[in-house]
Structure formats: structure tokens, C-alpha cells
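Below is one structure, written out as C-alpha cells; comments come after it.
Quick caveat: nothing in here was measured; it's all calculated off a predicted structure. Convention: sequence-line order gives letters A, B, ...; per-chain numbering from 1.
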Amino acid sequence: MRHWLIKSEPDAYSIDDLQRDGREPWDGIRNYQARNFMRDEMSVGDRVLFYHSQVKPPAVVGVAEVAGDPYPDPTAFDPDSPYHDPKSDPDDPRWILVDMAYVGHLQRPVPLPEIKEDAKLEGIMVARRSRLSIQPVDKKHYDRIIKLGGGIVHR
DNA sequence: GCCAACGTTGGC
DNA sequence: GCCAACGTTGGC
């Protein structure tokens, strides 16, 4: 099993939204590296840190899991979607996604400044100002974040 | 709101 | 195929 981190702006889609929905297609990803992770490297059941960006402070707030196999992102074909991409041909889809399912909240959020200061989290991608919205996370870093967050709780 | 980082586009 | 211009992300 691999571990990941996904970023979301809570104003657009928060961990509470994922809890309410239970399962959600992770659509709108328009970065090739992030797409490749979903298409080629994620497996059902992989655990995913859910990170809130664009808030003060940014923080890991919960955990999701990969809920299904990859398939074409339908929003790419929808002219009314903000994610519409006319260059994505339905016969050769450019954008691929997986569904994410809610696992739980962290007992308390782990803010970015704390991630940066923690010696055991040295090298974690999100501390390096990476703009990638889907990032692989080492198991030891994943475990450390869960520990700093006081464990996973179901609200 | 600023701006650094960085991915994408398009002219040549 | 290079690279300047441009657009977006996202911390601060």
C-alpha cells in the first residue's frame, strides 16, 4: 500500500464535504504528474492525507482512501464545467481520476508550520512549497502525521 | 495582496 | 526543440 497527500481548498471542497458525501470523484486535476499518480500508481485502499490549502494555517485535517479504479474525468468533456478541456477527446481521454472515500478526521489538524519544524518529517514534499496537488508520502511520514494529529477519529 | 515557483503555450 | 511570455498555485 502506498500513501499520498491531496490538497484541497476548503472553500471549494473540504474534509467535511467529503465526510458528508462519503465518496467523491477527485475531478478537475489538470496537471500531468498528478494525473499519472492517479492513473498509474494509486491502488484501491491506499491511504491519503487530506490537506487544506489557501487557509491560515494550511494543515492536514483528515484521511481519505482511494475508493476505486481510475477512469476518465467526466468534467473534461462538459462544456459547462470550469474544468472543461476541449482538447480531451472522449476516445482518448487526457484526464484520468480516481474516487476518494472519507476515512476520518484527525483529532486535531497538523498545521504546515509544525510539519516544517518536525525533524521526523524532514523531506516531506508539502514542506517544500511544492505546488503539486497530489503528492506521494513515505509511510514513515504518513504515520508521523497521524501521530501528530492524535489519530484518526470519526465524527 | 504580493510574489516566488513552476508548468504550459506558442512563436521562431 | 528552445525559450520567453504567460497563467496558476499557494505560502506568506
| query | Taking CD from Gln54(A) and C1' from dC12(C), how many angstroms apart are they, rounded to a whole number? | reply | 11 Å
| query | Quick one: ring-ring contact (aromatic ring centres under 6.0 Å, His included) pairs with a partner in residues 104-124 of chain A, sequence neighbours left out? | reply | Tyr102(A)-His105(A)
| Which side-chain hydrogen bond (donor to acceptor under 3.5 Å, both in side chains) pairs, counting each pair once, include a residue from residues 114-125 of chain A, with sequence neighbours left out? | Arg108(A)-Glu114(A), Asp118(A)-Arg144(A)
| Net bend of the helix from dG1(B)-dC12(C) to dC12(B)-dG1(C), end axes of five pairs each, nearest 10 degrees | 10°
| Could you state the CD1-C1' distance from Ile6(A) to dG10(C), rounded to the nearest angstrom? | 16 Å
| query | Which comes earlier along DNA chain B counting from the 5' end, the contact point of Lys56(A) or that of Arg129(A), where each point is its nearest nucleotide? | reply | Lys56(A)
| Residue pair Met38(A) / Ile96(A): nearest heavy atoms and the distance that separates them | CE-O, 3.3 Å
| field | Glu9(A) CD - dT9(C) P separation (whole Å) | value | 7 Å
| said: What is the separation between atom CD on Glu114(A) and atom P on dG11(C), rounded to the nearest whole Å? | reply: 16 Å
Pairs: protein N or O with nucleotides 3-8 of chain C N or O, under 3.5 Å:
| from | atom 1 | to | atom 2 | distance (Å) |
| --- | --- | --- | --- | --- |
| dT8(C) | O2 | Arg131(A) | NH2 | 2.9 |

| query | Using links of under 4.5 Å between side-chain heavy atoms of ILVMFWY residues, direct or through other members, which residues join Tyr32(A) in one cluster? | reply | Trp95(A)
| remark: Here the distance between atom P of dT9(C) and atom CD of Gln135(A), to the nearest Å, is 15 Å
| query | Among pairs that include at least one residue of residues 9-19 of chain A, which meet salt bridge (charged side-chain N to carboxylate O under 4.0 Å, His left out), considering only residues two or more places apart or in two chains? | reply | Asp17(A)-Arg20(A)
| query | Partners of Asp46(A) by salt bridge (charged side-chain N to carboxylate O under 4.0 Å, His left out), sequence neighbours excluded? | reply | none
| task | Figure out the NZ/C1' separation between Lys116(A) and dG11(C), and round it to whole Å. | result | 7 Å
| field | Check ion pair Asp143(A)-Lys147(A) (N to O, under 4.0 angstrom) | value | no
| said: Can you tell me which nucleotide in dG10(C), dG11(C), dC12(C) comes closest to the side chain of Lys7(A)? | reply: dG10(C)
| field | d(CE, Met125(A); P, dG10(C)) in whole Å | value | 12 Å
| query | Quick one: side-chain contact (heavy atoms from CB on, under 4.5 Å) partners of Glu24(A), sequence neighbours excluded? | reply | Tyr13(A), Leu18(A), Asp21(A)
| said: Under the ring-ring contact (aromatic ring centres under 6.0 Å, His included) definition, can you give me all pairs with a residue in residues 131-155 of chain A, not counting sequence neighbours? | reply: His3(A)-Tyr142(A)
| field | Spacing between Tyr32(A) atom OH and dT9(C) atom C1', to the nearest angstrom | value | 17 Å
